[in-house]
Amino acid sequence: MTVQRIAAFSDAGEGGNPAGIVISDQFPSESEMRRIAAEVGYSETAFAIPNGAAGSWRVRYFSPESEVPFCGHATIALGAALAEHAGGGRFALQLNTADISVEATITADGYTAALQSPPTRSAAAPGDLVHHALVLFGLARDQLDPAMPPAKIHGGADHLVLALTDRTDLSAMSYDLDAGRALMREHGLVTIMLVHIRSNTDFDVRNAFASGGVLEDPATGAAAAAFAGYLRDLGWPHQNRIRIIQGEDMGAKSVIEAEFSDEPGSSIRISGATRNMAADLATA
């Protein structure tokens, strides 16, 4: 079995968030998928098998520690891998809890890909969750930006979003991995998303991913989709398109584009460039 290593949401051929991609005729056992994901060591590895009709695939995602319901950057990377495998175009993906699609286009520099997210929803974050998240990151409530209240957001998976007034507070993000894992798993969160508002349409982001055993994700497409849905619910002047800059503080700058309609809960289009992490396939 071979594992492709592809970075999604790269910026000018650099950075991005690496994902493992396994395309095979049938899924390995769940324990084997967990082993492969742990061995690859990226925040997620996507496993895809043919799903009947041409262009249709059944997909599962594993972090080094657990299966996750949806992963945006691994889906973008999968789009590029499927385009290499079967030619560019649109692919239907059946996940554990949703049906989505990804399309890939060949460019002079490789592939760009775009996914259509699961439906979105958002709600005000419970006070106790916000309190414990602030404690986790060593933040005070007055460091939060009142323009964007804390919220529990969803676009295929659940995330907590906290907006910070000062960009330096975002740069200084630090927390204990074990404490973060316990908090995220207690509240069913995949990540905690810290945001600084550059403009109405541009946002600096860091995503803590302790639930999957990873301190930080350099690009998180699922959280980007959930965040776009939250901005729509909030009545934010988003102009139906936003840009997220993530991973810059890690030295792995990533750029995520989100486009969406005004229809509440509707799918978000998430897109970005990809880059191949290795010239050869690595054997798992």
Side-chain angles (χ1 to χ4, degrees), residues 5-11 14-20 37-38 40-46 61-66 68 70-77 129-130 132-139 143-144 150 152-153 155-164 166-198 203-227 243-256 258 270 272 275 277:
R5 290 164 167 81
I6 298 172
F9 305 118
S10 57
D11 178 48
E14 298 182 352
N17 194 1
V40 170
Y42 296 151
S43 57
E44 276 96 3
T45 294
Y61 307 94
F62 284 81
S63 78
E65 293 192 1
S66 61
V68 296
F70 171 57
C71 174
H73 84 274
T75 302
I76 294 295
L129 172 57
V130 175
H132 289 300
L134 291 175
V135 170
L136 175 68
F137 292 105
L139 295 168
Q143 291 173 274
L144 299 179
K152 197 169 183 179
I153 60 177
D158 286 335
H159 310 266
L160 173 67
V161 60
L162 300 174
L164 302 176
D166 195 326
R167 179 63 176 84
T168 59
D169 290 336
L170 185 68
S171 297
M173 185 190 87
S174 177
Y175 72 99
D176 179 79
L177 183 66
D178 290 337
R181 180 191 291 111
L183 179 65
M184 292 182 204
R185 291 186 177 178
E186 178 184 353
H187 291 273
L189 301 172
V190 173
T191 74
I192 297 178
M193 184 180 196
L194 302 185
V195 177
H196 174 71
I197 303 166
R198 279 196 188 189
F203 304 88
D204 291 311
V205 168
R206 299 186 76 173
N207 269 82
F209 184 36
S211 68
V214 178
L215 194 68
E216 182 177 0
D217 225 6
T220 317
F227 180 66
R243 184 176 68 140
I244 288 173
I245 298 91
Q246 190 176 333
E248 201 162 27
D249 296 280
M250 302 172 63
K253 183 180 177 183
S254 305
V255 179
I256 306 172
I270 298 292
R275 65 182 182 91
M277 299 288 290

(Q) Using side chain to side chain contact (heavy atoms under 4.5 Å, CB included), reason through Glu44 and Val68 one step at a time and then give a plain yes or no. (A) CA-CA 8 Å; Glu44 276 96 3; Val68 296; 4.0 Å; yes

(Q) My understanding is that only residues two or more places apart in sequence, or in another chain, count here; which of them pass side-chain hydrogen bond (donor to acceptor under 3.5 Å, both in side chains) with Ser174? (A) none

Q. Which atom pair, heavy atoms only, marks the closest approach of Thr220 to Gln246?
A. OG1-NE2, 3.0 Å

**Q.** Sequence-distant partners of Asp176, side-chain hydrogen bond (donor to acceptor under 3.5 Å, both in side chains), two or more places apart
**A.** none

(Q) So, using side chain to side chain contact (heavy atoms under 4.5 Å, CB included) as the criterion, who are the partners of Asp158 when residues are at least two apart? (A) Arg121, Lys152, His154, Leu189

Q. At their closest point, which heavy atom of Gly15 faces which heavy atom of Ser10, and how far apart are they?
A. O-CB, 3.8 Å

Q | side-chain hydrogen bond (donor to acceptor under 3.5 Å, both in side chains) against Ser171, all qualifying residues, sequence neighbours excluded | A | Arg167, Asp249

Q.
With a 3.5 Å distance limit and no angle check, can you tell me whether Tyr175 reaches the backbone of Leu215 through a side-chain donor-acceptor pair?
A. yes

Q) Taking atom CD1 of Ile256 and atom CG of Asn17, what is their separation to the nearest 0.5 Å? A) 8.5 Å

Q | salt bridge (Lys or Arg N to Asp or Glu O under 4.0 Å) partners for Arg181, two or more places apart | A | Glu65, Asp178

(Q) Tell me whether His73 contacts the main-chain N or O of Pro18 through its side chain, where contact means a donor paired with an acceptor under 3.5 Å. (A) yes

(Q) Once salt bridge (Lys or Arg N to Asp or Glu O under 4.0 Å) is applied, what residue pairs with a partner in residues 214-224 remain, sequence neighbours excluded? (A) Arg206-Glu216

Q: With sequence neighbours left out, write down each residue that passes salt bridge (Lys or Arg N to Asp or Glu O under 4.0 Å) with Asp11, or none if nothing qualifies.
A: Lys253

Q | Ser211 side, atom OG; Glu186 side, atom CD - distance, nearest 0.5 Å | A | 13.5 Å

Q: Mind checking ring pair (Phe, Tyr, Trp, His ring centres under 6.0 Å) for Phe209 and listing every partner two or more places apart, or none if nothing turns up?
A: none

Q.
I'd like to check the side chain to side chain contact (heavy atoms under 4.5 Å, CB included) partners of Ser254; sequence neighbours left out, ordered by chain and number.
A. Phe9, Pro218, Ala219

Q. Looking only at heavy atoms, which two atoms of Leu144 and Pro150 are closest? And how far apart?
A. CD1-CG, 3.9 Å

Q: List for me each residue that meets side-chain hydrogen bond (donor to acceptor under 3.5 Å, both in side chains) alongside Thr191, sequence neighbours excluded, and say none if there are none.
A: His159, Asn207

Q: Mind listing the closest non-hydrogen atom pair of Gly272 and Ile76 along with its distance?
A: O-CG2, 4.2 Å

Q: Please name the pair of heavy atoms, one in Gly180 and one in Ala210, separated by the smallest distance, quoted to 0.1 Å.
A: C-CB, 3.5 Å

Q | Pairwise side-chain contact, Phe70 with Val190, heavy-atom cut-off 4.5 Å (strictly under) | A | no

Q: Enter the distance from Arg243:CZ to Asp204:CG here, rounded to the nearest 0.5 Å.
A: 9.0 Å

**Q.** Matching residue for Leu129 among Leu134, Ile192, Leu183 - test: side chain to side chain contact (heavy atoms under 4.5 Å, CB included)
**A.** Leu183

Q. How many angstroms lie between atom CZ of Arg198 and atom CZ of Phe203, to the nearest 0.5 angstrom?
A. 11.0 Å

Q | Spatial distance of atom CZ (Arg185) from atom OG (Ser66) [nearest 0.5 Å] | A | 5.5 Å

**Q.** Nearest-0.5 Å distance that lies between atom CE in Met193 and atom CD1 in Ile244
**A.** 4.0 Å

Q: Apply side chain to side chain contact (heavy atoms under 4.5 Å, CB included) to Ala37 and list each qualifying residue two or more places apart in sequence or on a separate chain.
A: Thr45, Phe62

**Q.** Residues that Gln143 engages under side chain to side chain contact (heavy atoms under 4.5 Å, CB included), provided they are two or more places apart
**A.** Leu139, Ala140, Asp169

Q: Looking only at non-hydrogen atoms, find the nearest pair between Ala77 and Ala19 and report the distance.
A: CB-CB, 4.1 Å

